[in-house]
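So the structure is just underneath, and the comments pick up after that.
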Amino acid sequence: MSEDRVTLNAVGSATELDLVPGTIGDTGIDINRLRSATGKVTLDFGFANTAGCKSKITYVNGEEGILRYRGYPIEQLAEHSTFLEVAYLLFHGDLPTGDELARFQSEITHHTLLNEEMKKFFDAFPKSAHPMAILSSATSALATFYPALQNPVDPYAVEQSALRLIAKMPTVAAMAYKKSIGLPYVYPRNDLNYSTNFLNMMFSLPVEDTEVDPVIARALDVLLILHADHEQNCSTSTVRLVGSSRANLFASVSAGISALWGPLHGGANQQVLEMLAQIHEDGHDYKKAIARAKDKDDPFRLWGFGHRVYKSFDPRATILRNFTHDVLDRLGADDPLLEIAVQLEDVAMSDDYFIERDLYPNVDFYSGITFRALGFPVRMFTVLFAIGRLPGWIAQWKEMVEDPDTRIGRPRQIYQGEVLRDYLPVTDR
Ligand code: ACO
């Protein structure tokens, strides 16, 4: 074996495979020639050992609990940055200068309105519609208003699509919410920053001015930063896979929203809150939840615990744990569910079942409690995750489109079905 190759001896003859190093973290074994050289393919459930791309956007080290966007530690970004600055960083690769940031913020601010035709679209959904279903459909529908922006290899079209998506997603989310509670839509305001404008569209009414608390707006901004990217997770991989067929950015992001909705991914934040509320209703019996999570015959999981990559702590959960207490203190709020969350965490962290399986709280464990403290209803939690993750999806999609090594995503399979059968007419079966 040379330093930049490995030899595979497992299939009769020796095959030399190139190594692809990262600047930090995993080194890949390039198996692009594997099937032609050996007649064999790899089998990797959940792609747990497979790098689907080379990327320069986000670095995660699950063993040491590290998360960096474009090299910047998440802790520094959460403390000093804003969500729009982070969105710029993810999209362009570097932090903006003052002028660049001002231009970017102005572009976003001036694209927050939806085409008035879209209102009819919201009206058509039942009142009970889950806002994630509306968000995904509305994102896909946005493509119909921008036929000129659908060429994925035109940098101008991509940038304009990205700006429109980041600008309009909070408007769509707030309209979906207002629809669900039967209240009138509130239009965006250009004098407000990104998070304040979203909170205003969510919670104010056309009949009176409501002042958004800056503590709440900053807390939301930090939450969005913490969710902004997480390399090749389920929804991001979906966005890349859909985009690899040259589907436009709106269609690709819409698919990502659907992937995020699942309870094993972004939908976990809703599940966590429902679980904590259930424990509260059951007279605070959190030990019952722990016992159920350990019972192999019970499908129940301790929502918000465990992560495919983080096998020590999730740095986002660590930031959020302190942040949540801080936000509750500053808002003068007291949430019994936070107490249950702390108890669950204490028990799980000292219980052999969770220790042996490296199950630590993930970002969803604390985000729900903070979203609740900020006044958001539980059904909007995964929508908030989607708004936060949007810049990451866009940056990853753009990187995929611009990478000359990109090919349409098309995994192989190990076929284990019937080999060959003759058709029998229905009367002979
Ligand atoms: N509660 C109880 N047991 C669990 C949990 C949990 N939350 N998570 C994993 N386990 C157990 C599994 O049963 C399995 O046990 P076994 O080895 O005895 O069979 C072992 O831990 C490994 O779990 P897997 O599901 O195989 O791990 P995987 O990497 O495939 O899944 C996942 C990771 C989906 C996040 C999982 O931990 C889970 O379902 N957690 C709860 C849902 C959740 O919080 N999802 C949000 C993830 S973060 C995000 O998407 C932003």
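Order of listing sets the numbers, starting from 1, for every ligand and every atom in it.
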Between [X] and [Y] (salt bridge meaning N to carboxylate O under 4.0 Å), is one present in this structure?
| X | Y | answer |
| --- | --- | --- |
| K54 | E399 | no |
| R218 | D221 | yes |
| D335 | R372 | yes |

How about [atom]: does it have a protein heavy atom within less than 4.0 Å?
| atom | answer |
| --- | --- |
| atom 26 (O) of ligand 1 | no |
| atom 11 (C) of ligand 1 | yes |
| atom 16 (P) of ligand 1 | yes |
| atom 19 (O) of ligand 1 | yes |

Looking at [X], I'd like to know if its [atom1] atom is crowded, meaning that more than 12 non-hydrogen atoms belonging to other residues, nucleotides or ligands lie closer than 6.0 Å.
| X | atom1 | result |
| --- | --- | --- |
| Y415 | OH | yes |
| H92 | NE2 | yes |
| I290 | CD1 | yes |
| D329 | CG | yes |
| F145 | CZ | yes |

- Task: Take the angle between the ring planes of H130 and W261 and call it parallel below 30°, perpendicular above 60°, tilted in between.
- Result: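 H130 and W261: tilted rings.
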
- Query: Between F83 and Y194, what is the ring plane arrangement, given parallel below 30°, perpendicular above 60°, and tilted in between?
  - Reply: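 F83 and Y194: tilted rings.
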
Proximal candidate to [atom] [heavy atom criterion; set [options]]:
| atom | options | result |
| --- | --- | --- |
| atom 2 (C) of ligand 1 | A293, P299, S235, A348 | A293 |
| atom 43 (C) of ligand 1 | S367, A48, A268 | A268 |
| atom 47 (C) of ligand 1 | N362, N233, L260 | N362 |

Taking only heavy atoms of [X], which atoms of ligand 1 are found under 4.0 Å from at least one of them?
| X | value |
| --- | --- |
| H265 | 46 (C), 49 (C), 50 (O) |
| D364 | 46 (C), 48 (S), 49 (C), 51 (C) |
| G304 | 43 (C), 44 (O) |
| R357 | 11 (C), 15 (O), 16 (P), 17 (O), 18 (O), 20 (C), 21 (O) |
| G306 | 35 (C), 37 (O) |
| K296 | 13 (O), 15 (O), 16 (P), 18 (O), 19 (O) |

- Message: For H230, run the ring pair (Phe, Tyr, Trp, His ring centres under 6.0 Å) check against W393, Y59, Y69, Y310 and tell me which one passes.
- Response: Y310

- Item | Single hit among Y353, F313, Y366, F365 for ring pair (Phe, Tyr, Trp, His ring centres under 6.0 Å) with F305 |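 Testing each of Y353, F313, Y366, F365 against F305, the sole residue satisfying ring pair (Phe, Tyr, Trp, His ring centres under 6.0 Å) is F365.
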
[atom] [closest protein heavy-atom partner, distance rounded to 0.1 Å]:
| atom | answer |
| --- | --- |
| atom 1 (N) of ligand 1 | L302 N, 3.0 Å |
| atom 45 (N) of ligand 1 | L264 O, 3.0 Å |
| atom 42 (C) of ligand 1 | W303 CE3, 3.6 Å |
| atom 40 (N) of ligand 1 | F305 O, 2.9 Å |
| atom 30 (O) of ligand 1 | R308 NH2, 3.0 Å |
| atom 8 (N) of ligand 1 | L359 CD2, 3.6 Å |
| atom 38 (C) of ligand 1 | R301 NH1, 3.1 Å |

- Query: Does ligand 1 have a heavy atom under 4.0 Å from the side chain of F385, from its backbone, from both, or from neither?
  - Reply: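 The answer is the side chain of F385.
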
- Message: Looking at ligand 1, would Y353 count as a contact under a 4.0 Å heavy-atom criterion?
- Response: yes

- Query: Judged by non-hydrogen atoms, does H227 sit under 4.0 Å from ligand 1?
  - Reply: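 In this structure, H227 fails to qualify as a contact of ligand 1 - no heavy atom is under 4.0 Å.
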
- Query: Any chance the rings of F376 and F203 have centres within less than 6.0 Å?
  - Reply: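 Yes, the ring of F376 comes within the 6.0 Å limit of the ring of F203, centre to centre.
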
- Is E64 close to S312 at the side-chain level, that is, under 4.5 Å between some pair of heavy atoms?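 The answer is no, as the side chains (C-beta and beyond) never meet within the 4.5 Å cut-off.
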
